[in-house]
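All of these numbers come straight from a predicted model, not from anything done at the bench. Chain A is the first sequence line, chain B the second, and so forth, proteins listed ahead of strands; every chain is numbered from 1.
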Amino acid sequence: MAKTKGLTSQQEDFSAWYNEIVYKADLADLSPVRGSMVIKPYGYALWEHIQRSLDDMFKATGHDNLYFPMLIPISFFEREAEHVEGFSPELAVVTHAGGKELEEPLAIRPTSETIIGEMYSKWVQSYRDLPLLYNQWCNVMRWEMRTRPFLRTTEFLWQEGHTAHATAEEAMAETTQMVNVYADFAENFAAIPVIKGEKTEGERFAGALVTYTIEAMMRDSKALQSGTSHYMGTNFSKAFDISFNDVNNEQAYAFTTSWGLSTRMIGAIIMAHGDDKGLIMPPKIAPHQVVIVPIYRKDDQLAKDQVMAAVDELAGQLRDQAVRVKVDSRGGMSPGWKFNEWEQKGVPLRLELGPKDLEAGEVVIANRLKENKETVKLAEASSVVVSALKQFHDDLYERARVFRDERSFVVDDYESFKEKVAQGWVHINHCGKPACEEAIQEETKATPRCIPFVGPETDGPCVRCAEASAYPRKVIFAKAY
RNA sequence: CGGGGCGUAGCGCAGUCUGGUAGCGCACCUGCUUUGGGAGCAGGGGGUCGUUGGUUCGAAUCCAGCCGCCCCGACCA
């Protein structure tokens with residue numbers, strides 16, 4: 001019995017814990033095709049809340065949504081040298097359709113820079129056509145060697161923003177703005193503290209001049225890149241001829257950006273917040289912020305009616321306060337069973353309401369994070385819940401921040417680095433040379449996560465090879481997903 | 001692509017070494033009793049044992065091939 005209902009503890013085997021909770025919390029199920037998964041209603045509801053929150057932020061920063069097709073002529077990938085090198089190995093390609101072999105094979109998009117570049121070249125003639133500030137929500141496919149639910153699936157959902165600008169300054173400002181939007185979302189909606197920074201040359205997006213990232217720490221102290229924003233310079237506009245006449249009637253190439261955040265964010269939420277009991281959902285994007293479990297005896301119809309009436313009344317009050325409430329009125333399972341199930345699914349607050357409470361005019365509030373129960377007057381319940389949800393977000397964020405900061409280190413010598421990088425994130429002076437990064441990875445499994453926008457300043461030569469440091473700030477190294 | 005593991009009921013597994021009526025737990029269905037932290041009893045339904053071929057009177061079990069999936073690495077959001 002314990003075997004089938006129990007969850008492997010994080011300490012015992014974090015990876016097994018992760019795999020189990022994905023299925024047990026009913027977020028996703030394996031599909032018949034290797035590396036792809038079905039996102040089930042509970043997981044998809046979380047994604048919908050992520051989408052809604054982010055989409056509002058995109059609109060607020062002047063972007064419009066549109067949609068490009070999934071199939072891209074394979075030759076498009078050969079137009080940008082780094083891009084083809086970066087993506088060719090993982091392309092899935094359609095060679096037959098309509099019962100015939102196609103003249104030119106069609107790639108299933110791994111990302112849409114190429115087809116968007118092709119179309120933007122038609123849409124941009126004058127500096128007056130700029131900027132183009134567009135985003136699309138779509139699926140993409142990358143045939144990765146090894147897959148993991150939400151973290152790396154062959155097909156995944158994301159949004160990709162693609163903008164074109166008349167000047168480099170404007171495009172860089174866009175790139176910075178969007179990494180800030182991602183950090184804002186991660187911290188203020190997903191309750192995940194992130195480090196904003198720039199990727200080193202070796203970790204950059206294929207075809208980008210600058211890649212900004214948000215990095216989050218998971219509860220096994222590994223890092224997860226959770227959103228990226230790229231400045232392409234004129235790499236893609238030259239490859240796809242996105243050119244225009246500027247104010248002086250001179251021919252110029254547009255400066256482009258792209259930025260994306262994917263269903264991997266769900267993996268981040270699972271691993272940044274979850275514990276041995278299961279998920280802990282950040283309230284602002286939780287599918288259910290509150291679950292109400294009515295308690296009654298089946299043979300006592302009067303009590304049941306009274307309890308259900310009170311539950312419906314309370315649920316109505318909460319909905320009036322824009323709280324997302326689930327009333328679990330399923331029959332045939334004990335309250336204890338429901339308590340455990342909703343804890344595993346990470347619902348922030350659970351309200352228990354039975355005859356005893358009703359008699360006292362009270363309701364029990366159980367907090368998934370504090371793991372305590374308190375009793376409040378029914379009349380005050382909805383206002384208590386509203387403020388408890390706010391507090392829950394702050395507590396969840398703070399818990400993750402403390403966890404990360406306790407596992408972040410600044411060191412000056414390579415021996416200390418090797419010791420500390422096994423425990424978390426380490427800031428070091430770094431030369432930025434790809435060969436040195438590779439050597440560090442070989443010796444420690446750690447990779448450069450980013451050069452943080454804010455962080456300890458460089459104060460000496462590279463910790464590993466003693467060559468001159470390449471960046472003004474120390475580079476964060478960590479084991480990563 | 002390297003290493004490891006596994007394919008038997010919806011899920012998790014035993015049975016395979018040593019060939020001989022297809023098993024267990026959970027889930028599911030029915031009934032009764034239960035219901036404030038994963039309920040109990042009784043009855044019941046569900047299987048071409050991944051696949052192809054071979055050995056044998058007889059194969060989940062032995063032999064050969066094939067396929068698939070999972071996990072750990074290298075690669076990546």
Can you check the distance between B/G2 and B/U8, where both ends of the measurement are the C1' atom (answer in whole Å)? 30 Å
Among B/G37, B/G36, B/A74, which nucleotide has an atom closest to any side-chain atom of A/Met145? B/A74
Nucleotide forming a Watson-Crick or wobble pair with B/C26, both distances under 3.5 Å: B/G10
How far does the C1' atom of B/A60 sit from the matching atom of B/C13, given to the nearest Å? 14 Å
For B/C1, the Watson-Crick or wobble counterpart (both distances under 3.5 Å): B/G73
On a whole-Å scale, what distance lies between the P atoms belonging to B/G50 and B/G45? 24 Å
Please determine whether any donor N or O and acceptor N or O are separated by less than 3.5 Å between the side chain of A/Lys373 and the base of B/G36. no
Can you check the distance between B/G54 and B/C70, where both ends of the measurement are the C1' atom (answer in whole Å)? 30 Å
On a whole-Å scale, what distance lies between the P atoms belonging to B/G10 and B/C29? 15 Å
Is there a donor and acceptor pair, one atom on the side chain of A/Glu341 and one on the base of B/G38, closer than 3.5 Å? no
Find the partner of B/C17: check Watson-Crick (N1-N3 plus N6-O4 or O6-N4) and G-U wobble (N1-O2, O6-N3) distances, both under 3.5 Å, and reply none if neither fits. none
Would one find a side-chain N or O of A/Ser334 under 4.0 angstrom from OP1 or OP2 of B/G38? no
On a whole-Å scale, what distance lies between the C1' atoms belonging to B/A22 and B/U16? 13 Å
Below 3.5 Å, does any donor atom in the side chain of A/Arg350 face an acceptor in the base of B/G37, or the other way round? yes
For A/Phe156, which contact category applies under a 4.0 Å heavy-atom criterion: base, sugar-phosphate, or nothing? base
Let me spell it out: for each of A/Lys277 and A/Asn19, pick the nucleotide of RNA chain B with the closest heavy atom. Which residue's pick is nearer the 5' end? A/Lys277
Side-chain N,O (A/Arg146) to OP1/OP2 (B/A74) below 4.0 Å: no
Is the ring pair A/Phe58/A/His63 parallel, tilted or perpendicular, if the boundaries are 30 and 60 degrees? perpendicular
Would you mind reporting whether A/His49 and A/Gln51 have side-chain heavy atoms less than 4.5 Å apart? no
Checking all strands, does A/Ser15 fall into the base, sugar-phosphate, or nothing category for heavy-atom contacts under 4.0 angstrom? sugar-phosphate
Would you mind classifying the nucleic acid contact of A/Gln225 as base, sugar-phosphate or nothing, using non-hydrogen atoms under 4.0 angstrom? sugar-phosphate
Taking for each residue the nucleotide of RNA chain B bearing the nearest heavy atom, is the 5' side occupied by A/Ser226 or by A/Arg148? A/Arg148
Is A/Val293 touching bases, backbone alone, or none of the nucleic acid, heavy atoms closer than 4.0 Å? nothing
Listed nucleotide nearest any side-chain atom of A/Gln344, set B/G38, B/G37, B/G36: B/G38
Rounded distance in Å between the P positions of B/A9 and B/U56: 30 Å
Could you measure between the two C1' atoms, the one in B/C62 and the one in B/U30, and give it in whole Å? 44 Å
A/Phe236/A/His83 aromatic ring centres below 6.0 Å: yes
Please determine, for B/A39, whether a Watson-Crick or G-U wobble partner exists with both distances under 3.5 Å, and give it or none. B/U33
Any strand is fair game: report the nucleotide pairing with B/C62 by Watson-Crick or G-U wobble, both distances under 3.5 Å, or none. B/G54
pair_partner(B/G46), Watson-Crick or wobble, both distances < 3.5 Å, evaluates to none
Looking just at side-chain N and O atoms, do A/Ser36 and A/Glu155 make a donor-acceptor pair shorter than 3.5 Å? no
ring-ring contact (aromatic ring centres under 6.0 Å, His included): which pairs involve residues 266-286 of chain A, sequence neighbours left out? none
Any base atoms under 4.0 Å from A/Arg34, or only sugar-phosphate, or nothing? Heavy atoms, all strands. sugar-phosphate
Using only atom types and a distance under 3.5 Å, with no angle test, would you say the side chain of A/Ser31 pairs donor to acceptor with the backbone of A/Val38? no
